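This is a predicted model, so every value here is computed, not measured. Below, chains carry the letters A, B, ... as their sequence lines are ordered, and counting in each starts from 1.
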Amino acid sequence: MTLKIKEAIIGGALLALGGILISVPLTPLAKGAGATLSVTVTKTINLSVLSPTVAFPSLTPGTAVDAYSTSTVLTNDSNGFAFSFNRNNGAASTTLTTSTYSIPEPTAWIPGANTSTGGTAALYTPASGLAFRVPLAGTTGCAQSTQWWGTNDTGAAKYAGTTSTISQIANCGTYQPTSSTVVINYHLDVSSTQQSGDYTGAVTYSATVNP
Amino acid sequence: MNRLLVSVLIMLGATAIVLNALAFEATSTNFELHGTSMVGIKGSGTSTNFKNIGAGGQIATGLSTSTNRKVYSGVLYWLNNVFTPVYTQIHYRWRNDNGTETTATWAASEDIALSSFAKATTTRLRFEIANKGWTRGAGPQFRLEYTSSSPCNTAIYSAVPTVSGSDWMVTNTPNITDGNATTHQITATNPFFTAGVIKDTANQTGALVISSEQYSEIEYALWANSTAPDGASYCFRLSNAGATTSFSYSVYPQVTLAGGTSLTMSIDTSTISFPSLSPGSPVIASSTIIVTTTNATGFNITVNRSDTTSTMKLGTDSNIRINDKTAWSAPANTSTAGNGATFSSTGLGFRIKKTTTDTGNYASAWWGSDDAGNALFAGFPLSGQTIVNRNTASSPGTITIANYKLDVPLNQNNGGYIGNIVYTVVANP
């Protein structure tokens, strides 16, 4: 199965300042004048997805497989950034499909009001289809949320189904002098009745500066 | 004004002591207070209906046991400090010494300084003093004073002497007679004129009463001695025999002597605002500096930043800064290459722009052969470093364009950054 991913970058912008005259009277044959330089550095953000294509290993129903997608975000915003995700196919309720069939998903992701408030992710039920989460491993600390994705990447890991609504899946609320990493773990298992075939689907990642 | 004082006192106490500088005793419960001058309230009484109370930092004298009526004796002291005269030096006018108190012509318009004034030339200076306060006392003895320091309002003044040895002196002139009364000549600023005096043998008048709502004019004949420095500038004022209590100064007569070398510098704006900077997309700004000097050997301009760490810092966090390019270090002469470099990567740099800058102010060896690919930039130094050195006079003024260029890395904290720089121009020896 191939999960195709598209990336998007969203940034921001800002304003400018004023200054003061300092007059420095010196001897009659010397004069001084001061000036104030000012500039406003606008907010910028860069999003890089290391691999636009996420391919699962071959899937035997009943034996879950995992795939990972790694993105990096660099922003100068003093308030950090938000990382969002959405399924491209808004007409369907699942991501992975053939021309005829689709792979189900658990409850679609809805984030909490903030990263300290739980979202709709839950422990994975076997054979419940395609789910995703943001693991602790590999994700920059400020972008991790144990409330949203569980306190570890094993027994307490929480997963959610995809959503066609652009939804935050990670948020780093502080200035980061270097690039931040956000990893997405795709987890997939199907029932024995799942039709065989090549299933594909596209999702979009977004990174925005925090207000 | 005296009626006003009495009215206030009546409001304070329905019963009081008659004020005629004598003590007064009474047992009445109905008294009025009348005053013709401000003296302390004294007296004693055994009445149970009035009491003498210290106030305004003053101790009330007299005895009283009343709990019903009070006279705040010290209020008179307080009022004494409130209702004071305010002798305001409000206008002046320089005058030629070519006539009498009424016929002499004017050397300049009212409240306009003299420039290029010839030394050892008698001139006359007329002051208008308006009392914007109250009438008190015998009146000031107006003394003519001067200073060569600036600004006028904070400088230390000295009396203009009547003998040589200082830069200025009051000088005798046959056109006037010391002590004669003045007539109204300058713009009136109070309703009533009272004659002042004209002086040419002394720097100080006798006691001159200028009552409330009055103004007067006082004129002095003086000159700058030949030993005064060429091109020196002076401020003048009147005081009360050296004291400035109850004086206020709206204007200060000023004069600049002829001769000497002049030097002026102007910068088109004290606020140099770059466009909004998106990291990775450099922005530029510029300043126009105009220097005018009669100095035959020209001038040099230095620049330095004010902050010891770097020029620009984040307004909300002074620990977050924009890096400067390598600080400019001026060579010994304008023919020797400096340490400027083509602008690359990030940081704040500056240079002198060739286009529009006067040829005599531009050094290709320092700033590059053009303003494009060969343009050389440097960072603002902490201590003043020469950026322009012109070896000829600059009159009329010549132009120097300072260019600033700025870029920051992608992780430069967003927000507003500011920083101060200082330009200094000095006439070359």
Side-chain angles (χ1 to χ4, degrees), chain A residues 9-48 71-82 140 142-143 172-181 207-211, chain B residues 150-151 229 231-233 260-267 269-280 283 285 287 289 291 293 295 299 305-306 311-312 314-317 320 322 348 350 380 402 404 406 408-427:
Chain A
I9 299 174
I10 302 174
L14 266 181
L15 34 86
L17 286 182
I20 312 158
L21 173 65
I22 304 168
S23 176
V24 182
L26 300 174
T27 64
L29 295 181
K31 301 290 182 184
T36 296
L37 299 168
S38 66
V39 69
T40 296
V41 175
T42 60
K43 295 182 179 181
T44 63
I45 190 163
N46 270 310
L47 170 63
S48 296
S71 301
T72 59
V73 178
L74 177 61
T75 179
N76 67 344
D77 185 2
S78 57
N79 295 323
F81 65 91
T140 299
C142 73
C172 175
T174 58
Y175 168 77
Q176 300 298 303
T178 58
S179 293
S180 300
T181 301
T208 56
V209 295
N210 281 328
Chain B
S150 64
S233 296
T261 301
S262 66
L263 176 70
T264 63
M265 177 175 69
S266 67
I267 183 169
T269 177
S270 59
T271 303
I272 303 165
S273 298
F274 287 98
S276 292
L277 171 56
S278 179
V283 291
S287 294
I289 303 169
V291 175
T293 181
N295 186 34
F299 62 88
R305 67 174 191 265
S306 299
T311 304
M312 301 186 75
L314 186 63
T316 56
D317 187 343
I320 298 174
I322 292 175
L348 171 65
F350 81 97
F380 288 107
Y404 316 100
L406 173 61
V408 294
L410 294 178
N411 64 349
Q412 184 77 45
N413 294 64
N414 73 289
Y417 292 76
I418 58 173
N420 294 326
I421 57 176
V422 178
Y423 289 104
T424 306
V425 61
V426 178

Chain A contact via [X] - side chain, backbone, both or neither, heavy atoms under 4.5 Å:
| X | result |
| --- | --- |
| Thr316(B) | neither |
| Leu314(B) | neither |
| Ile322(B) | side chain |
| Ile320(B) | neither |
| Phe299(B) | neither |

- Item | Among Ala285(B), Ser266(B), Pro409(B), Pro279(B), residue most engaged with chain A (heavy-atom pairs, under 4.5 Å) |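 Counting heavy-atom pairs under 4.5 Å, the top option is Pro279(B).
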
Between [X] and [Y], which heavy-atom pair has the shortest distance, and what is it?
| X | Y | result |
| --- | --- | --- |
| Lys43(A) | Asn414(B) | CE-ND2, 3.4 Å |
| Ala30(A) | Val426(B) | CB-CG2, 3.9 Å |
| Lys31(A) | Met265(B) | O-CE, 3.8 Å |
| Leu410(B) | Thr44(A) | O-OG1, 3.7 Å |
| Ala35(A) | Ile272(B) | CB-CD1, 3.7 Å |

- Under 3.5 Å donor-acceptor, Thr42(A) side chain and Leu277(B) backbone: yes

- Query: Between Asn413(B) (side chain) and Asp77(A) (backbone), is there a donor-acceptor pair under 3.5 Å?
  - Reply: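 No, Asn413(B) side chain to Asp77(A) backbone: no donor-acceptor pair under 3.5 Å.
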
- Message: As a quick check of understanding, evaluate side chain to side chain donor-acceptor pair (under 3.5 Å) for Ser273(B) and Ser38(A), giving each step before the final call.
- Response: CA-CA 5 Å; Ser273(B) 298; Ser38(A) 66; 3.2 Å; yes

- Task: Give me the one residue out of Tyr417(B), Phe380(B), Phe350(B) that meets side-chain contact (heavy atoms from CB on, under 4.5 Å) with Leu37(A).
- Result: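 The single option meeting the side-chain contact (heavy atoms from CB on, under 4.5 Å) with Leu37(A) is Phe380(B).
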
